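This report concerns only the one structure given below.
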Amino acid sequence: MKKLIVILIFSSIMLTGCVTVQPWEREKLSDPIMIINENPLEKGMFEHHIDYREGSTGATGAQSGGCGCG
Amino acid sequence: MQRELRAGAAVVVKRLLFSILFLSAIVKSQDLPVDEIQATINGYFDNFGVNILYPAVSINKNIGEKTNFNARYMVDVISAASIKSWFKVDGVTSATKGIHGGGDDSPDEIRHEFTAGLTHLFGDISLSLNGIYSTEHDYTSKTLAGSISIPFAKKNTILNFGVVRSWDIVAPQTRFWEKEKNVLSLSADLTQVLSTRLVMQGTLYYSKNDGFLSDAYQVVPTLFRASVLYHEPIHPGTRERKAAGLRGSYLLNDVSSIQLGYRYYTDSWDINSHTINILYQRYLTGDITGSFGIRHYTQSKSFFFKEKYLVPEPLMTVDGKLNEGTTNEFEFKIAFKGESLIDVPVLNNFAGNNSELSFKLNFFWRKTATPDWHSRRLSLFAYITSIGYRFKF
């Protein structure tokens, strides 16, 4: 786990320094099909079911409350 | 020469104007959500006899240039909700088989969830605060969530930090006690534009859970002198959970994209898991989008999980989600922009500019290493359906 975190942080820093995409070149990136977790409401409800049926949680970018007893 | 200079200057001015306009759009789309009303009707149906309907409605509304208000209401109507349907536990160590609940089609549980929050821009930095309140007859949960989002490098890099704190109260109808559960979660996301076609996102997650961390309606059977005794499950009182994820979204061509994701998870109960997911999205026409996704998940069992217990132990559980197992899930979705529905009977009621109607079906298949304690099945099959309507105003 620690190795993975170090790799993630290191690669992120490296990538941050070497990429410059100008704002006018990002038109396609703002398309709904390119956005990660485009619909937070939908994603949150999906995670709500998953939380009750699998032993893992987190790092998915979604959050929901309640016990999820369904 | 002068003509060339003038043409060059015109290009620079055009680019500058376009970049200012587009930058404004990016700020708007990344930092403040658009004004939108969304309504969904969702359903969950599985082979363990659990049926859930959960309609939800939400609104996002900008208040001025720098503040966005959001609110959501959701209700879960659960039939044959739980395992409580078969066991009425006496609250100490044993149980008798009950006959109420789960045996008919009447709802066993109704849960209401309310969410409200604000997002405010401080220059390029956005700050969000959300509150969630969830209530049902045997469970209450209050959650506060805050996050800060900081863009760097012409918004090619966005750093996001989140804190979530929840206070839950568990008061099961088959027990004589009321217990608390508290959760603190921290997360850090880094989203990076890598090219005009590729965006990556890395996430780190940490969570600490304290209090009552088991399912109050499950029971652990043991055999004593040819008779079966039922006990409350006993889980540790704390749990530390950690996860790291990496996701990428790549534009294949003008009409399609693919998203890939991986997550590694580990916790203090010895559960380690790997999750891989793929989502392919495509514009079938200018107004219709289709998508197909696959998710594969595998986990190890917690250190105190056993299929069967001969005698009571200090820690014990038969909870299927703490068992070793794998999950495969398949997702299909089709979304219609409002304009494309004008000539379609019935659906034309949803037609209009800035609206979208979507249909989604997920097939969820979980297989555990040993049979489920209650149904005695190895596999859980579930259909999750969703009809959604979004209107931007």
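Numbers restart at 1 for each chain; the letters A, B, ... are given by sequence-line order, proteins then strands. Please read all numbers here as calculations on a predicted model, not as lab measurements.
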Pairing donors with acceptors under 3.5 angstrom, does anything connect the side chains of [X] and [Y]?
X	Y	answer
E42(A)	N42(B)	no
Y205(B)	T60(A)	no
R26(A)	N156(B)	yes

Q | Test applied, salt bridge (Lys or Arg N to Asp or Glu O under 4.0 Å); reference residue, E54(A); option that passes from K321(B), R366(B), R295(B) | A |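 Result: among K321(B), R366(B), R295(B), R295(B) is the only option passing the salt bridge (Lys or Arg N to Asp or Glu O under 4.0 Å) with E54(A).
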Contact check, side chains of [X] and [Y], non-hydrogen atoms, under 4.5 Å:
X	Y	answer
V50(B)	Y52(A)	no
Y280(B)	I33(A)	no
I36(A)	Q259(B)	yes
L29(A)	V193(B)	yes

Q) At their closest point, which heavy atom of T57(A) faces which heavy atom of Y265(B), and how far apart are they? A)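 Answer, listing the atom of T57(A) first, then Y265(B): O-CD1, 3.3 Å.
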Q | Where R263(B) and A59(A) come nearest, the two heavy atoms and their spacing | A |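 Of all heavy-atom pairs spanning R263(B) and A59(A), the closest is CD-CB, 4.0 Å.
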Q) When only pairs under 4.5 Å are counted, which of E329(B), K181(B), K142(B) shares the most heavy-atom pairs with chain A? A)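 Most heavy-atom pairs under 4.5 Å with chain A: E329(B).
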Q: Using a cut-off of under 4.5 Å on heavy-atom pairs, state which of V170(B), D254(B), D267(B), I258(B) scores highest against chain A.
A: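 Answer, by heavy-atom pair count under 4.5 Å with chain A: D254(B).
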Q: First locate atom CD1 of I384(B), then atom CD1 of I50(A), and finally report the distance between them rounded to the nearest 0.5 Å.
A: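 Between I384(B) CD1 and I50(A) CD1, I get 6.5 Å after rounding to 0.5 Å.
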Measure [X] against the heavy atoms of chain A and call it side chain, backbone, both or neither at under 4.5 Å.
X	result
S187(B)	neither
S256(B)	backbone
Y206(B)	neither
I271(B)	side chain
T196(B)	both
Y250(B)	backbone
K360(B)	side chain

Q) Short question: side chain of S249(B), backbone of M34(A) - any donor-acceptor pair under 3.5 Å? A)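 Confirmed, S249(B) side chain pairs with M34(A) backbone.
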Q) Should Y297(B) and S56(A) be marked as a side chain to side chain donor-acceptor pair (under 3.5 Å) after you check the CA-CA gap, both sets of side-chain angles, and the distance that decides it? A) CA-CA 10 Å; Y297(B) 169 86; S56(A) 308; 2.6 Å; yes
Q. Do NZ/NE/NH1/NH2 and the carboxylate oxygens of R197(B) and E25(A) come within less than 4.0 Å?
A.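 Between E25(A) and R197(B) there is no salt bridge, as every charged N stays at least 4.0 Å from the carboxylate O atoms.
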Q) Salt-bridged, E38(A) to R390(B), with N to O below 4.0 Å? A)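 Salt bridge between E38(A) and R390(B), a charged N being under 4.0 Å from a carboxylate O: yes.
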**Q.** Parallel, tilted or perpendicular: ring planes of H49(A) versus Y44(B), cut at 30 and 60 degrees
**A.**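 If you compare the ring of H49(A) with that of Y44(B), the planes turn out parallel.
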